[in-house]
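Side-chain atoms are counted along with the backbone in the values below, which use heavy atoms only and exclude waters and symmetry mates.
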Amino acid sequence: MSKLFSKDTRINHSDYVAPSGFRAFPEPTYRASTVLFDSVDALRSRQWIGRDSYTYGLHGTPTTFTLEAQLAEIEGGKHAVLAPSGLAAITIVDFAFLKSGDDVLIPENIYNPNRELGDWLARDFGVSVRYYDPMAGEGIAGMLRENTRLVWTETPGSVTMEVPDIPAICRAAHDREALVVLDNTWSAGLAFDAFGHGADIVVQAVTKYQGGASDLLMGAVITRDEELFRRISMAHMRLGMGVGADDAYMVLRSLSSMKVRFEKSGESAMQVARWLKERPEISRVLHPAFPDCPGHDCFLRDFTGASGLFSVLFDERYSEAQTDRFLESLKLFGLGFSWGGTHSLAVPYRIRPDRRDWTDRQHQLIRFYIGLEDPQDLIADLEQAMRVLG
Ligand SMILES: *Cc1c(COP(=O)(O)O)cnc(C)c1O
């Protein structure tokens, strides 16, 4: 840079221009808060909402736009917006589509923080929030009101794994002009075609298989519809839900191998689940592929595969203290929340006391996530830990 400027300035303004023509597989990581414009006119006429120009780092960079396009592609959607976590993606949907006086229906078994948000909207924001039996199917028609704006769904339900009849719920909701939003995290957008089965909006916790290594948090809201995308984008902008470029890059890096990881994790989980089902300590395996799982017929009809996440109910003779000791005796399974990474995990869940559809309270529930370890080693680990049950 010209010696006309002092060193302080030259340190900050390089005139080196890297030669064009660099090629490599990874999408470059563009980090930016400030985005530069070529002219005042370009700055003044900026359009932040589309994905064909840049305005500010918060609204997107080539890295985040590329990830959004990839996530929309996986889901069979058209548009995606990224959020700093799966829960943030859920928040965007509620704030985009609900206002004081509106009604929203949420299944009893939904990912619990979604209920927390619903309770808050009911308490402080004048939204009518009602919880429905996830197995209601067409029966949900009887619950829809004039002001029902949104119907939340999740398949299978977090932790207890019921598979709802999504097409039936969508038909009933659409008859009353309510929107259906589906948390499709369990399937990673791979094993369940949410839009094909009628959902209007899809939420993904990108933290899970998309991130793939338990080292980042991200979420996405995906749709096919231009007007819904505009509403989602407005909420995304107003709530300031940007994501960091490095996290976006890491997800892009993981996405290429997601399908292989998902399939391996799902197959290993089936092996482990089948072994658990034969154990006298276990009273029930809650996995959609098992005939005694509520909604198993919908799973067979609508899904093309299964993820590595399922739960078990212990026989009722075991106390919480006993199953806690079982958990602490596991050597390969980590004890912690979230899932979708390379490592297997186990978590105990206490079912909310206000869940009206849950009747198995006398049984301890543990949720397993099966990662990429050898399933035989995982089974051996479960077997040795079960010895502490006596
Ligand atoms: C983990 C999870 C979320 C939330 O994702 P975070 O990134 O942890 O906020 C939402 N829905 C489901 C079904 C999940 O498993």
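- The closest donor-acceptor contact from the side chain of Asn184 to the backbone of Phe192 lies under 3.5 Å.
- Using a 4.0 Å cut-off between a side-chain N of Lys or Arg and a carboxylate O of Asp or Glu, Arg325 and Glu328 do not qualify as a salt bridge.
- Side-chain atoms of Asn147 come within 3.5 Å of backbone N or O of Gly101 as a donor-acceptor pair.
- With Phe326 as the partner, the ring pair (Phe, Tyr, Trp, His ring centres under 6.0 Å) test is satisfied by one option alone out of Phe333, Tyr318, Phe314: Phe314.
- Checked by atom type and distance alone, the side chain of Asp225 pairs as donor or acceptor with a backbone atom of Leu228 at under 3.5 Å.
- For Arg274 and Glu278, the salt-bridge test fails: no basic side-chain N is under 4.0 Å from an acidic carboxylate O.
- In this structure, the side chain of Arg10 engages the main chain of Phe5 through a donor-acceptor pair within 3.5 Å.
- Counted by atom type alone, Asp41 and Ser39 present zero donor-acceptor pairs between their side chains at under 3.5 Å.
- With Tyr369 contributing its side chain and Gly341 its backbone, the two residues share a donor-acceptor pair below 3.5 Å.
- There is no side-chain donor-acceptor pair under 3.5 Å between Tyr111 and Thr185.
- For the pair Lys277 and Asp292, the salt-bridge criterion is met [side-chain N within less than 4.0 Å of a carboxylate O].
- Look at Asp119 and Arg352 and you find a salt bridge, because one of the NZ, NE, NH1 or NH2 atoms lies within 4.0 Å of a carboxylate O, short of that distance.
- Inter-residue side-chain proximity for Leu105 and Arg130 is flagged as met; some heavy-atom pair is nearer than 4.5 Å.
- Taking a cutoff of 4.0 Å between a charged side-chain nitrogen and a carboxylate oxygen, Glu108 and Arg115 qualify as a salt bridge.
- Inspection of the Ser257 and Arg261 side chains reveals an N or O donor paired with an N or O acceptor under 3.5 Å.
- Using a 4.0 Å cut-off between charged side-chain N and carboxylate O, Arg356 and Asp133 make no salt bridge.
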